[in-house]
Asker: 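Quick one: the structure is below, and I'll ask about it shortly.
Hydrogens, waters and symmetry mates play no part in the numbers below; they use all other heavy atoms, side chains included. All of these numbers come straight from a predicted model, not from anything done at the bench. For reference, positions follow the sequence shown, starting with 1.
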Amino acid sequence: MASTFGPRLWRRSTASVPPARSLGRRMTVHAAAALIAFAALQVWLVASAVSAGAPSALIIVALIMLVALALPIARMTERHWYHLSRQALASRGLHQRFRRDTRRLWAAALILPFLWVSGAMAATDAIAAIAH
């Protein structure tokens, strides 16, 4: 017998868990966007540091850091989630791990350029003070 009052809107429906296969693609998007944000922040910070008097070799070291550290770490994270999404079934625990890893990825992309450039500036000042 059908209800005369329509669907029950007051009941909370259980949130469905998205398929595990989509997590690999989503992590690829997050890794690419985080790398772009990391590179943009690093370029902006290094350019402002060089204009403030830092040595121009800082630009080369910043690019080396991007290529040698940031790209492999982002690629490893992306590859890990690609393989994990192909092997795992969708579950709440898997999605919690995904959210945790995306938070870590974005925190690293947004915080590390500031820490690195400020550390490089402090080291440059210390080396200049020792040299004089």
Side-chain angles (χ1 to χ4, degrees):
M1 184 158 117
S3 172
T4 57
F5 298 110
R8 295 183 182 194
L9 299 176
W10 63 85
R11 281 193 186 170
R12 294 182 76 184
S13 62
T14 59
S16 64
V17 177
R21 287 190 179 264
S22 70
L23 294 178
R25 289 189 299 266
R26 288 171 56 193
M27 184 55 78
T28 299
V29 171
H30 279 287
L35 276 174
I36 290 170
F38 177 84
L41 269 174
Q42 191 167 7
V43 165
W44 177 65
L45 289 170
V46 168
S48 63
V50 168
S51 68
S56 60
L58 189 64
I59 296 171
I60 296 169
V61 175
L63 290 174
I64 289 171
M65 182 185 164
L66 175 67
V67 172
L69 296 176
L71 288 175
I73 290 172
R75 180 65 180 138
M76 284 188 316
T77 303
E78 175 194 11
R79 187 177 294 150
H80 168 75
W81 275 98
Y82 178 77
H83 291 301
L84 190 61
S85 69
R86 297 289 177 229
Q87 297 168 357
L89 296 175
S91 68
R92 291 274 177 228
L94 185 64
H95 288 278
Q96 289 172 350
R97 287 176 57 192
F98 178 81
R99 286 190 296 272
R100 182 197 66 206
D101 284 354
T102 54
R103 279 193 304 267
R104 286 180 180 172
L105 181 70
W106 279 103
L110 297 176
I111 293 171
L112 286 178
F114 289 101
L115 293 176
W116 183 82
V117 171
S118 64
M121 291 296 291
T124 302
D125 293 341
I127 291 171
I130 292 171
H132 289 101

Asker: Any side-chain heavy atom of L112 within less than 4.5 Å of one from F38?
Answerer: yes

Asker: For S48 and S51, work out which heavy atoms get closest and say how close.
Answerer: O-OG, 2.9 Å

Asker: For the residue pair M27 and Y82, establish whether any side-chain heavy-atom pair is separated by less than 4.5 Å.
Answerer: no

Asker: Is there a side-chain contact between R97 and L84 in this structure, where contact means two heavy atoms from C-beta onward sitting under 4.5 Å apart?
Answerer: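 Counting from C-beta outward, R97 and L84 do come under 4.5 Å.
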
Asker: What residues, two or more places apart in sequence or in another chain, satisfy side-chain hydrogen bond (donor to acceptor under 3.5 Å, both in side chains) together with T77?
Answerer: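 Scan of T77 (side-chain hydrogen bond (donor to acceptor under 3.5 Å, both in side chains), adjacent residues dropped) gives none.
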
Asker: Would you say I36 ends up clustered with L41 if hydrophobic residues are merged whenever their side chains have heavy atoms under 4.5 Å apart, either directly or through other cluster members?
Answerer: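 Different clusters: L41 never reaches I36 through Ile, Leu, Val, Met, Phe, Trp or Tyr contacts under 4.5 Å.
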
Asker: Side chains of Q42 and W116: closer than 4.5 Å at any heavy-atom pair?
Answerer: yes

Asker: Is there a side-chain contact between L23 and H95 (heavy atoms, below 4.5 Å)?
Answerer: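 In contact.
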
Asker: Looking only at non-hydrogen atoms, find the nearest pair between A74 and A31 and report the distance.
Answerer: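 Looking at all heavy atoms of both residues, the shortest contact is O-CB, 4.1 Å.
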
Asker: Could you report the tightest heavy-atom contact between A109 and A34, atom names first, then the distance?
Answerer: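 That would be CB-O, 3.5 Å.
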
Asker: According to side chain to side chain contact (heavy atoms under 4.5 Å, CB included), who are the partners of V50, at least two apart in sequence or on a separate chain?
Answerer: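 Expected list: V46, I59.
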
Asker: Would you mind listing the cluster partners of I73? Hydrophobic ones only (ILVMFWY), side-chain contacts under 4.5 Å, chaining allowed.
Answerer: M76

Asker: Would W44 and L115 show up in the same hydrophobic cluster when neighbours are defined by side-chain heavy atoms closer than 4.5 Å?
Answerer: yes

Asker: Which heavy atom of L35 sits nearest to which heavy atom of A70, and what is that distance?
Answerer: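 Heavy atoms only, the tightest pair is CD2-O, 3.8 Å.
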
Asker: Sequence neighbours left out, what passes salt bridge (Lys or Arg N to Asp or Glu O under 4.0 Å) with R103? Give chain and number order.
Answerer: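 None.
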
Asker: side-chain hydrogen bond (donor to acceptor under 3.5 Å, both in side chains) with W106: which residues, sequence neighbours excluded?
Answerer: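 side-chain hydrogen bond (donor to acceptor under 3.5 Å, both in side chains) check on W106 returns H30.
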
Asker: Quick one: list whatever passes side-chain hydrogen bond (donor to acceptor under 3.5 Å, both in side chains) with R25, sequence neighbours left out.
Answerer: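 R25: no side-chain hydrogen bond (donor to acceptor under 3.5 Å, both in side chains) contacts found.
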
Asker: Mind listing the closest non-hydrogen atom pair of L94 and W81 along with its distance?
Answerer: O-CH2, 3.4 Å

